[in-house]
**Q** 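Below are the structure tokens for one structure; questions will follow.
Here is how names work: the chains are called A, B, and so on, in the same order as the sequence lines, proteins then strands, and each is numbered from 1.
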Number of protein chains: 2
Amino acid sequence: MQLFLSKFKNKIDQKGRVSIPSQFRSILFQDGSQKMFCYPSLDAEAIDAGGDSLSREIYALMDNLDPYSDEKDFLSTALFGLSEELRIDSDGRVIISDALIQHAQINDEVIFVGLGQKFQIWEPNRFSNYLQEAQKKVREQRLLLSKKNKGF
Amino acid sequence: MQLFLSKFKNKIDQKGRVSIPSQFRSILFQDGSQKMFCYPSLDAEAIDAGGDSLSREIYALMDNLDPYSDEKDFLSTALFGLSEELRIDSDGRVIISDALIQHAQINDEVIFVGLGQKFQIWEPNRFSNYLQEAQKKVREQRLLLSKKNKGF
DNA sequence: AAAAATACCATGATATCCCATAAATACCCA
DNA sequence: TGGGTATTTATGGGATATCATGGTATTTTT
């Protein structure tokens, strides 16, 4: 299976269009769909996105819930209500909806960040801040680890 | 199978007409019917709606209940008594009945919210309140989910 | 006849398609 | 290996189609 890797910075034009990085695009196209599935990230000011496999994963998750439970009502509102299947146009671009733009505080540039099974879309500055934080955490963790595991 | 996803805000005009979001409309039309099936949401101040598959589902649900039970009486009153099949006009609009308008406390704008198999129609402010609540609940429940669903 | 429902038409905004261009990348062959 | 050519890719713009929405006319209902 192909993974989403690396990161790419692209511009949003006046009509709101962004090119999906071609590497990512070709993965999305693999299952034949012309859509990019996406939704606001649960714990970051970013957009989570992926292809058919990601959306199927989420649909399956919903299917397992009791149809008439509060749990399902809340989840389906928060997930289905906020997720979108963006059409990929003939030039490989999408138009990100206002709601998602706002959630991720995006202006006229975005960074696509590969996360393996899915990828995220960030406002560039926010992403570099997030990355720094993450790296800091990793270093701290490593200090803890290195006491037990020399040479790592 | 096509699912109802995302949300759309539309206006109600002086004659009481609302456009069904075209994405939703095309799903409704798939089973050939020119109708939108709807009824007052059982546990929210909103309208539940969908196509033929939803109405069939509800019929099936009723069939499974003991014919002479209170449960069936109650449900058939709550659902069938108040459910309607709204004609979709040539421009893709419907007229929502007074009873449903009142149940959902709707004025001159509504939000259509995709929930997968069906969708809901909300008064915008009420929906944003409900959404906040739903997101809060989802975050609380999230630890449970993440153990089973990595990467989500 | 009055009121409601339905069909039909008009318009601005937006999305989609199609083409152009420049930069980046891949490709090829001496 | 290097240097040049072909392809791909990101991005912009104009033309076209679609959509939401308002309005008018016609039909149906009561």
**Q** By side-chain contact (heavy atoms from CB on, under 4.5 Å), which residues pair with A/Asn125, not counting sequence neighbours?
**A** A/Glu123

**Q** Using whole Å, report how far CG of A/Asp98 lies from C1' of C/dA15.
**A** 13 Å

**Q** List the steps, then state whether side-chain contact (heavy atoms from CB on, under 4.5 Å) holds for A/Arg17 with A/Asp91.
**A** CA-CA 10 Å; A/Arg17 298 175 299 187; A/Asp91 297 325; 5.6 Å; no

**Q** C/dA15 C1' sits how many Å from B/Phe8 CZ, rounded?
**A** 13 Å

**Q** As a quick check of understanding, evaluate side-chain contact (heavy atoms from CB on, under 4.5 Å) for A/Ile121 and A/Met36, giving each step before the final call.
**A** CA-CA 12 Å; A/Ile121 303 174; A/Met36 181 180 97; 3.8 Å; yes

**Q** What's the CD-C1' distance between A/Glu85 and C/dA15, to the nearest Å?
**A** 17 Å

**Q** Just how far, in rounded Å, is C1' of D/dT21 from CD of B/Glu109?
**A** 12 Å

**Q** When we call it a touch if two heavy atoms are under 4.0 Å apart, what does A/Ser22 touch: a base, just sugar-phosphate, or nothing?
**A** sugar-phosphate

**Q** How many whole angstroms separate atom CZ of B/Arg17 from atom P of C/dA4?
**A** 15 Å

**Q** Specify the residue among B/Arg25 and A/Ser19 whose closest nucleotide of DNA chain D lies further upstream toward the 5′ end.
**A** A/Ser19

**Q** Go through D/dA20, D/dG13, D/dG22 for me and flag the one nearest to the B/Arg93 side chain.
**A** D/dG22

**Q** Would you tell me if any nitrogen or oxygen in the side chain of A/Arg87 comes within less than 4.0 Å of OP1 or OP2 on C/dC17?
**A** yes

**Q** Describe the nucleic acid contact of A/Ile20 in one word from base, sugar-phosphate, nothing, applying a heavy-atom distance below 4.0 Å.
**A** sugar-phosphate

**Q** Just call it for B/Asp89: base, sugar-phosphate, or nothing, with non-hydrogen atoms closer than 4.0 Å on any strand.
**A** nothing

**Q** On DNA chain D, compare the nucleotides closest to B/Pro21 and B/Gln14; which residue's is nearer the 5' end?
**A** B/Pro21

**Q** Rounded to the nearest angstrom, tell me the gap between atom NZ in B/Lys9 and atom P in D/dT21.
**A** 11 Å

**Q** Check the pair A/Arg93, A/Asp13 against side-chain contact (heavy atoms from CB on, under 4.5 Å), reporting the backbone distance first and the verdict last.
**A** CA-CA 10 Å; A/Arg93 294 180 276 197; A/Asp13 72 14; 3.9 Å; yes

**Q** Can you identify which nucleotide, out of D/dA15, D/dT24, D/dA20, has its nearest atom closest to the B/Lys15 side chain?
**A** D/dT24

**Q** Looking only at side-chain atoms of B/Asp13, point me to the closest of D/dT11, C/dC17, D/dG22.
**A** D/dG22

